[in-house]
Amino acid sequence: MSARIDARFKLLAQEGRAGLVTFLTANDPDYDTSLAIMKSLPKAGADLIELGMPFTDPMADGPAVQASSQRALKAGATLKKTLSLVREFRAQEKDTPLILMGYYNPIYIYGVDKFLTDAKAAGVDGLIVVDLPPEEDEELCIPALKAGLAFIRLATPTTDDKRLPAVLKNTSGFVYYVSITGITGAAIPDPNRVTSAVARIKRHTKLPVAVGFGIKTAADARVIASGADAVVVGSALVETIRNSLDGAGRATEKTLKAVTDLVTELAGGVHSARRAAAE
Amino acid sequence: MTTPRPNSLRLGPDEHGHFGIYGGRFVAETLMPLVLELEQAYNKAKDDPAFKKEMTLLQKEYIGRPSPLYFAKRLTEHLRGAKIYLKREELNHTGSHKLNNVLGQILLARRMGKKRIIAETGAGQHGVATATMCANFGLDCVVYMGAVDVERQKPNVFRMKLLGAEVRPVQSGTKTLKDAMNEALRDWVTNVENTFYCIGTVAGPHPYPAMVRDFQSVIGIETREQMLEAEGRIPDSLVACIGGGSNAMGLFHPFLDDASVEMYGVEAAGFGISSGKHAASITGGRPGVLHGNRTYLLMDDDGQIKDAHSISAGLDYPGIGPEHSWLHDMGRVKFLSATDEEALKAFQLLSTLEGIIPALEPAHAIAKVTEIAPKKPKDHLMVVNLSGRGDKDIYQVAERLGGKL
């Protein structure tokens, strides 16, 4: 349950367009740049924001997101700082939903109850925790729902019709369809397959479906957006950060603009798509 | 072997793969259906006499089981205490206990119709074992190995290639075993249709910890029979080294309900626990979640996984099997640790006293035996799992001892 996520998808539906979800890793390449980028995202065209919680061992992520996590950790990232970024972002931006995405161990070590309290207070709307399948719902999903945070689940090509109800049971906010079997930033998904997969998921739920993994360009985003409620782009954005850094891995004056330019471009692609299967 | 009692310690895990609070299935959704499929397939195979028959035959004819239980006379005389027996797992085909598990998993993969096998490896022993079984059955084999380990375990890298496997050096993270496991998981997520992930230790998502333990339990089952034959009674203590903990679990598990049997797991203390450079997850870590299970892990205050350090690549892992964590919390197994230096000394001691060059991994166990055994009476029967042979380590040891080959 999250008012901001629900309101945002309602607005997108009213406008008859798909949304753009941007993924960036918190504290990449440093705290201040990360905050500046976050603050610029809504204006650049991001409809929802996913903020990665850096982790040393991101098992489901490809090289681009792995590297962004390592940059962030090198710059001193902690879960506490991630929440602080959210707090500062939320002080300025009231409407754009913010979802934390990552792996369970840092949350477990922070303490589940304390984390949920602090995340809610900071202005987090939902959580995506990659290594918590429905089989482990007691760990964080159920407590998160009780605390008023959405728990967004990943559905994948391996999630068949028999398993979908279990995956969707405690899912809220939206469903994140992982368009390929693979890691983030890998192959570009086949649009036809994605469209039929989204339709399949929609037979089981009224929740909006966002599609991610492997979408890199405005053209990709437009094609996928025609069959989904939202499109998630991550690896392409963190790669853009990487390409804008100086030799020592520090942000340059190009960094912020490079990211916002790409977001604007992607938003153009997403927003121009006709929503077909999503209706 | 005794049948499990209702309050047995040998009944775990529960249906969700939990040993107390440890274990579980902390994996991405893409893998979840595969993990469930594997569990079903394993449960079916376990109860199928044909599966057991095929495995028993290959254990005998291909691996060379049973491995001897050898009375280490000179080591016993040297330490002037417990009567020390070595369970000679280093005499198995490929030189370690690893093939026990791989044989089981490859037979299972064949039943499941999987044609491509992936594995992670640290010292290379599990990689060699997997490459061996794949060659034997004509299966494709890809082994992920941290780039640092590729460098320090060259003989095993060559062996794997010779056996027809593809060795993929892993450049991410700390370039050791944990990163190799991350990369193997990424491969599995990508190639779900045809690929079987052959995990080398009693860790990972359920059912791996239980399944690998079952395949390794042949060590303890044989030990029981052999000790009964040699001494007319079961051992008084068991000692084994612990990285992920598969050789230790294989030895311990069949004895868990024998309250009189003391069990010692020896972790790698690297440069010493206080140095922070070690691989002793229980002695120097705390419970967390990584690689599909909750267990003791080395990490910082933010839950970021710390680099492990050990002279032994096979112990260089920041975690431990979840069942060990559970047995530690309830006090059934006592966990000790041995430093690089202590292991090196034990490596030489066993070589000169018994004419057996141990792998650096079990050298850690031997190191603690030199402390525990002298405190025990002469009729105390101690079994040490000699989980691997040291041929792979001689270059590294020569370097550390200041010599050159």
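Source: prediction; values computed, not measured. So that the names make sense, note that chain A is the first sequence line, chain B the second, and so on, each numbered from 1. We use all heavy atoms of the structure for the numbers below, so side chains are in, but hydrogens, waters and symmetry mates are not.
- Neither the backbone nor the side chain of Val129(A) comes within less than 4.5 Å of any heavy atom in chain B.
- Residue-environment remark: CZ (Arg286(B)) exceeds the threshold of 12 foreign heavy atoms within 6.0 Å.
- Aromatic ring centres of His309(B) and Phe271(B): separated by under 6.0 Å.
- Residue Tyr110(A): no heavy atom, backbone or side chain, is found under 4.5 Å from chain B.
- Residues Gln40(B) and Leu36(B) form no side-chain contact, since every pair of their non-hydrogen atoms from C-beta on lies 4.5 Å or further apart.
- Between Arg152(B) and Asp149(B) there is a salt bridge, since a side-chain N of the basic residue sits under 4.0 Å from a carboxylate O of the acidic one.
- The contact between Ala77(A) and chain B is made entirely by backbone atoms, counting heavy-atom distances below 4.5 Å.
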For this session: Apply side chain to side chain donor-acceptor pair (under 3.5 Å) to the pair Tyr144(B) and Arg168(B), showing each step before the final yes or no.
Result: CA-CA 5 Å; Tyr144(B) 289 94; Arg168(B) 294 190 184 164; 2.8 Å; yes

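- Ranking Asn105(A), Ile183(A), Thr78(A), Ile109(A) against chain B, the residue ahead of the rest is Asn105(A), based on heavy-atom pairs under 4.5 Å.
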Exercise. Given the rule in the side chain to side chain donor-acceptor pair (under 3.5 Å) test, do Thr158(A) and Thr30(B) qualify, once you have shown the distances and angles that lead to the verdict?
Worked result: CA-CA 6 Å; Thr158(A) 59; Thr30(B) 315; 5.0 Å; no

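- Looking only at heavy-atom pairs under 4.5 Å with chain B, the residue among Ser69(A), Pro58(A), Pro63(A) that has the most is Pro58(A).
- A parallel orientation is assigned to the rings of Phe26(B) and Tyr104(A), their planes being inclined by less than 30° (bins at 30° and 60°).
- Of the two parts of Asp61(A), only the backbone, made up of N, CA, C and O, holds a non-hydrogen atom closer than 4.5 Å to a non-hydrogen atom of chain B.
- Neither the backbone nor the side chain of His206(B) comes within contact range of chain A; no heavy atom of the residue lies under 4.5 Å from a heavy atom of that chain.
- Only the side chain of Met299(B) comes within contact range of chain A, with heavy atoms under 4.5 Å apart.
- Heavy atoms of Asp301(B) lying under 4.5 Å from chain A belong exclusively to its backbone.
- Separation of the Trp188(B) and Tyr197(B) ring centroids falls under the 6.0 Å cut-off.
- Highest contact tally toward chain A, considering only Arg294(B), Arg186(B), Lys178(B), Met32(B), is held by Arg186(B) [criterion: heavy-atom pairs under 4.5 Å].
- At a 4.5 Å heavy-atom cutoff, Ile107(A) makes no contact with chain B through either its backbone or its side chain.
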